[in-house]
2 protein chains.
Amino acid sequence: MAYAVQYIDKLRKSGLRPTKQRIKICEVLFDTDKTFHFTIKELVKIIENQANIKVSLATVYNTVHAFIKKGYLKEIPLNASQSYYDTNVTHHHHFFDEEENRLIDIHQDDVDEVNIKKTIPGKKIKSVEVIAKIVSDNQSQK
Amino acid sequence: MAYAVQYIDKLRKSGLRPTKQRIKICEVLFDTDKTFHFTIKELVKIIENQANIKVSLATVYNTVHAFIKKGYLKEIPLNASQSYYDTNVTHHHHFFDEEENRLIDIHQDDVDEVNIKKTIPGKKIKSVEVIAKIVSDNQSQK
DNA sequence: TAATACATTATATTTATTCTAAACTGTTGA
DNA sequence: TCAACAGTTTAGAATAAATATAATGTATTA
Ligand SMILES: [Mn+2]
Ligand SMILES: [Mn+2]
Ligand SMILES: [Zn+2]
Ligand SMILES: [Zn+2]
């Protein structure tokens, strides 16, 4: 509510009219200090839990995709069964905890610039992302 | 056919009996100098085109997953709508050409070791993969 | 070769995602 | 202010990848 003006702005810039469903989605996504990762299913659940209004799945998908297109959200490819999304749109990398199915941000500064020596003629690099899979470290607890 | 013995060995080591359907899948996957990337749909099409036998989708999925589990194939997460698979199981990285929907290998030696400064307590890194998205470079052709 | 365990297949199911089209709402200009 | 219009929401249908099922077929082995 304090941020409604910003959300209206974000929506307008994404080519979307600021409806109450879309503003609710914005509140869930952006009304927090911390960025986070989510699946559509999880987002819908959060909206259901904290909203007095109902938002259809189609609207959630459409709004999320409009935000991705505009750069307000990022899609993280992890497995083929479900998309993960990220409210952190700065350049950064990820740990993926395969046991807990959880993404953890790695700040850009925590990874040395990835230098790729190979080039493809006629093509340029648009983005570089590192995904480090992590698992429990049970080596030291004898 | 020249390699049938190797395929039978691969299948046995994956806990699978060497049936003619599975050997056919092996021929398509491994009977070539070059490694390659594929989707299940593409694999089924290749089998249909070059085989006299028919292999059901279930068998293709099951065999591919057995090989992934054993480490004879790798799954590459790229987008949520479909899995990509890789017959190159060495440690390497990828370009993903978003315009042509095509994966291109980057040899491990062509990327400096990725050094991640952040650690997660109780977790260790299992694998590190770099995906560099590439697009057409139209800057220089004035 | 017979018994058994395992494999193949067509088909059904599941589930994420997208599409559709009818009802609804925000916007705008008279 | 309000009608007209453009854009939006929604339930439900459609699509498509992936997985499960269970009947039939085949490799193995004793
Ligand atoms: Mn998408
Ligand atoms: Mn899989
Ligand atoms: Zn992130
Ligand atoms: Zn590869």
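The chains referred to below are lettered A, B, ... by the order of the sequence lines, with proteins before strands, and numbering in each begins at 1. Heavy atoms only: backbone and side chains are in, while hydrogens, waters and symmetry mates are out.
- Qualifying salt bridge (charged side-chain N to carboxylate O under 4.0 Å, His left out) partners for R17(A), counting only residues two or more places apart in sequence or in other chains: none.
- Not a single salt bridge (charged side-chain N to carboxylate O under 4.0 Å, His left out) links K34(A) to another residue, sequence neighbours left out.
- The backbone N or O of D31(B) sits less than 3.5 Å from a side-chain atom of Y7(B), completing a donor-acceptor pair.
- Taking 4.0 angstrom as the limit, H65(A) places none of its side-chain polar atoms (N or O) nearer than this to OP1 or OP2 of dT17(C).
- As rounded to whole Å, 14 Å separates atom C1' of dA16(C) from atom CG of L43(A).
- Distances shown here put a side-chain N or O of R12(B) below 4.0 Å from the OP1 or OP2 atom of dT28(D).
- A distance-only check finds a donor-acceptor pair linking the side chain of K118(B) to the backbone of D105(A) [under 3.5 Å].
- Rounded to whole Å, the distance from CD1 on I8(B) to C1' on dC6(C) is 17 Å.
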Practice problem: Summarise how protein sits on nucleotides 5-15 of chain D as a single string, 5' to 3': B when a protein heavy atom is under 4.0 Å from the base, S for sugar-phosphate-only contact, - for no contact. | Solution: -BSSSBB----
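- Nucleotide dA17(D) holds its P atom 6 Å from the CD atom of Q82(B), rounded to whole Å.
- Listed pair S83(A) / dT17(C) meets the phosphate criterion, a side-chain N or O lying under 4.0 Å from OP1 or OP2.
- K24(B) places its NZ atom 14 Å from the P atom of dT9(C), with the value rounded to the nearest Å.
- H107(A) meets the ring pair (Phe, Tyr, Trp, His ring centres under 6.0 Å) test with no other residue; sequence neighbours excluded.
- Shown here are the salt bridge (charged side-chain N to carboxylate O under 4.0 Å, His left out) partners of K126(B), two or more places apart in sequence or in another chain: E98(A).
- Considering only residues two or more places apart in sequence or on other chains, K70(A) meets the side chain to side chain contact (heavy atoms under 4.5 Å, CB included) condition with K13(A), S14(A), Y72(A).
- Taking five base pairs at each end of the helix from dT1(C)-dA30(D) to dA30(C)-dT1(D) and finding the rotation axis that steps the C1' atoms of four pairs onto the next four gives two axes whose angle is 20°, to the nearest 10°.
- Within the structure, ring pair (Phe, Tyr, Trp, His ring centres under 6.0 Å) contacts touching residues 38-57 of chain A (residues at least two apart or in different chains) are F36(A)-F38(A), F38(A)-Y85(A).
- Think of V111(A) as one node in a network of Ile, Leu, Val, Met, Phe, Trp and Tyr side chains linked at under 4.5 Å; its network also takes in F95(A), I104(A), I106(A), V114(A), I116(A), I120(A), I125(A), V128(A), V130(A), I134(A), F95(B), I104(B), I106(B), V111(B), V114(B), I116(B), I120(B), I125(B), V128(B), V130(B), I134(B).
- Summarising the geometry, the separation between NZ on K69(A) and C1' on dT18(C) is reported as 16 Å, rounded to the nearest angstrom.
- Remark: Y61(B) is in phosphate contact with dA18(D), judged by side-chain N or O atoms under 4.0 Å from OP1 or OP2.
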